[in-house]
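Computed from heavy atoms alone, side chains included, the values below leave out hydrogens, waters and symmetry copies. Note that the coordinates shown come from a computational prediction; the quantities given were computed from them, not determined experimentally.
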Amino acid sequence: PGAKVGVPLFVTLMDDADPAVRMRVLQALADAGPQAVPAMIEALKNDAVSYWACLVLREMGPDAALAVPALTEKLADPHTEIRRGAALALASIGVEAAPAAEKLAGLLADDAARIPATYALGCIGQIPKDVEATVRENAHGDNPLLATVSLWALARTHQDDAQLRKEAIETLVGRLKDADPYLRSAAARGLASLPPTPEITVPAMEKLLADADETTVCHALDALATLGEPAVSGLVNALKHKKLRPHVVTILGRIGPAAASATPSLVALIHDE
C-alpha cells in the first residue's frame with residue numbers, strides 16, 4: 001500500500017509480542033521485493049524498527065539497491081546492532097553497494113562492527129586503498145574470525161593474485177576443522193564464494209581429511225554441507241579423487257535435493273569396487 005500506510009503498519013506489527021508474527025511480516029516484506037523498498041527506507045528512519053528494516057533489506061539482496069544511501073547513513077547509528085545490520089544488508093546487496101565502501105571502511109576501527117564491515121567490503125569487491133593495510137594486518141591477527149573474513153575479502157578483491165588466493169583457500173580449508181561452528185561456517189561460505197580453484201582446493205581438502213580424526217571430519221562435513229547447491233559442482237569434480245569419494249558422497253547426501261545435479265556422477269559410482 002505504499003510507505004504512508006505500510007510503515008505505520010510495519011511499526012505496529014513489529015511491536016507485537018509474538019515473534020511468529022514478526023517473522024511472518026519480515027518474510028512477507030522480503031518476498032515483496034523492490035516494491036517494498038521505499039517503505040523500508042522510511043522504516044530505517046524509525047528507531048523502533050530500523051533494525052528489522054535492515055533484516056528485510058538483507059533478505060532482499062540486490063533487489064534492495066535503492067536503499068544503499070539510507071543503509072549507508074545507518075552505518076553511523078549509535079546502536080551496535082543497527083550498524084552491524086546495515087553492514088550485512090549492504091553485503092547482501094553486493095556490487096551495487098559500492099558507494100558505501102568508504103563508510104564501511106570507517107567501521108574497521110569499530111570492534112563491534114569490523115567483521116560485518118569487512119565481509120561487506122569483500123561482497124562488494126572493493127577495499128579502499130587507505131584501509132587495505134589494516135585489512136591485511138587483520139588477516140594475520142589473533143582474532144580467528146576476523147582473520148578468516150579479512151583474508152577472504154582480500155582474495156575476493158584481488159582475484160588475479162594467485163598466491164593470495166592459494167593462501168586464502170588453504171587457510172579456509174584448514175579452518176573447516178575448527179571447534180567454533182561460526183568459524184567453520186564462515187570458512188565454508190568463504191570457499192563457496194571464491195572463484196573455483198580445484199587444483200588448490202582438492203589437495204588442501206585431501207590433506208585435511210587424511211590426517212583428521214573422526215570429530216574433525218564431522219566438523220568439516222558439517223561446514224561443507226551448509227554450502228548447499230553452490231558447492232555441488234566443486235564436489236562433483238572432487239569425486240575424481242578416490243581418497244575423497246566417501247567424504248564427498250556423504251556431503252552430497254546431506255545437501256539433499258539441492259544436490260540433484262550430482263545424480264549422474266553418483267550413479268556412475270554405484271558399482272565402484
Side-chain angles (χ1 to χ4, degrees), residues 1-128 131 145-146 149 153 182 185-186 189 193 226 228:
K4 188 174 181 180
V5 174
V7 172
L9 181 61
F10 179 58
V11 171
T12 300
L13 289 169
M14 286 301 100
D15 285 337
D16 195 294
D18 186 348
V21 172
R22 292 199 297 272
M23 293 311 297
R24 290 287 185 93
V25 174
L26 292 173
Q27 194 59 58
L29 287 164
D31 289 345
Q35 65 181 4
V37 173
M40 293 304 95
I41 291 172
E42 286 299 313
L44 286 172
K45 300 174 184 176
N46 186 314
D47 287 343
V49 292
S50 57
Y51 171 73
W52 301 108
C54 287
L55 290 186
V56 172
L57 293 166
R58 180 182 177 185
E59 284 295 313
M60 290 181 184
D63 284 344
L66 190 65
V68 167
L71 287 167
T72 304
E73 288 185 18
K74 301 310 288 185
L75 295 175
D77 195 276
H79 299 95
T80 298
E81 69 276 10
I82 293 176
R83 295 197 303 277
R84 292 170 58 89
L88 290 171
L90 290 163
S92 182
I93 291 169
V95 294
E96 294 293 324
E102 291 293 339
K103 292 288 187 182
L104 285 164
L107 289 183
L108 296 184
D110 181 344
D111 287 345
R114 58 183 178 167
I115 293 177
T118 304
Y119 174 65
L121 290 172
C123 290
I124 291 169
Q126 181 178 327
I127 299 176
V131 297
L145 185 56
L146 176 61
V149 176
Y182 293 103
S185 178
R189 292 179 183 279
S193 60
T226 65

Exercise. Going from CG on D31 to CE on M60, what distance comes out if it is rounded to the nearest 0.5 angstrom?
Worked result: 9.0 Å
For this session: Quick one: closest heavy-atom pair of A70 and L44, and the distance?
Result: CB-CD1, 3.6 Å
Exercise. Is the shortest side-chain N to carboxylate O distance from E81 to R84 below 4.0 Å?
Worked result: no
Exercise. Does R83 reach the main-chain N or O of K74 with its side chain, forming a donor-acceptor pair under 3.5 Å?
Worked result: no
Exercise. Side-chain contact, heavy-atom cut-off 4.5 Å: H79 with Y51?
Worked result: no
Exercise. Just one of L121, L104, L108 clears the side chain to side chain contact (heavy atoms under 4.5 Å, CB included) bar with P128, so which one?
Worked result: L121
Exercise. Are V21 and L13 side-chain neighbours, meaning at least one heavy-atom pair lies under 4.5 Å?
Worked result: yes
Exercise. Where is the tightest heavy-atom contact between T72 and V68, given as atom of each residue plus distance?
Worked result: OG1-O, 2.6 Å
Exercise. So which heavy atom on L145 is nearest to which on Y182, and how close?
Worked result: CD1-O, 4.4 Å
Seminar exercise, completed: By side chain to side chain contact (heavy atoms under 4.5 Å, CB included), A28 pairs with (sequence neighbours left out) none
Exercise. Between I124 and A98, which heavy-atom pair has the shortest distance, and what is it?
Worked result: CG2-CA, 3.7 Å
Problem set entry | Pairwise distance CH2(W52) to CE(M40) - rounded to 0.5 angstrom | 13.0 Å
Problem set entry | R58 atom CZ, neighbour heavy-atom count above 12 within 6.0 Å | no
Seminar exercise, completed: Correct closest heavy-atom pair for V56 and A30 would be CG1-N, 3.8 Å
For this session: Kindly give the heavy-atom pair with the smallest separation between A65 and I93, and that separation in Å.
Result: CA-CG2, 4.0 Å
For this session: Determine whether more than 12 heavy atoms belonging to other residues, nucleotides or ligands lie under 6.0 Å from atom CG of L66.
Result: no
Seminar exercise, completed: Rounded to the nearest 0.5 angstrom, the CG-NZ distance for L107 and K103 is 9.5 Å
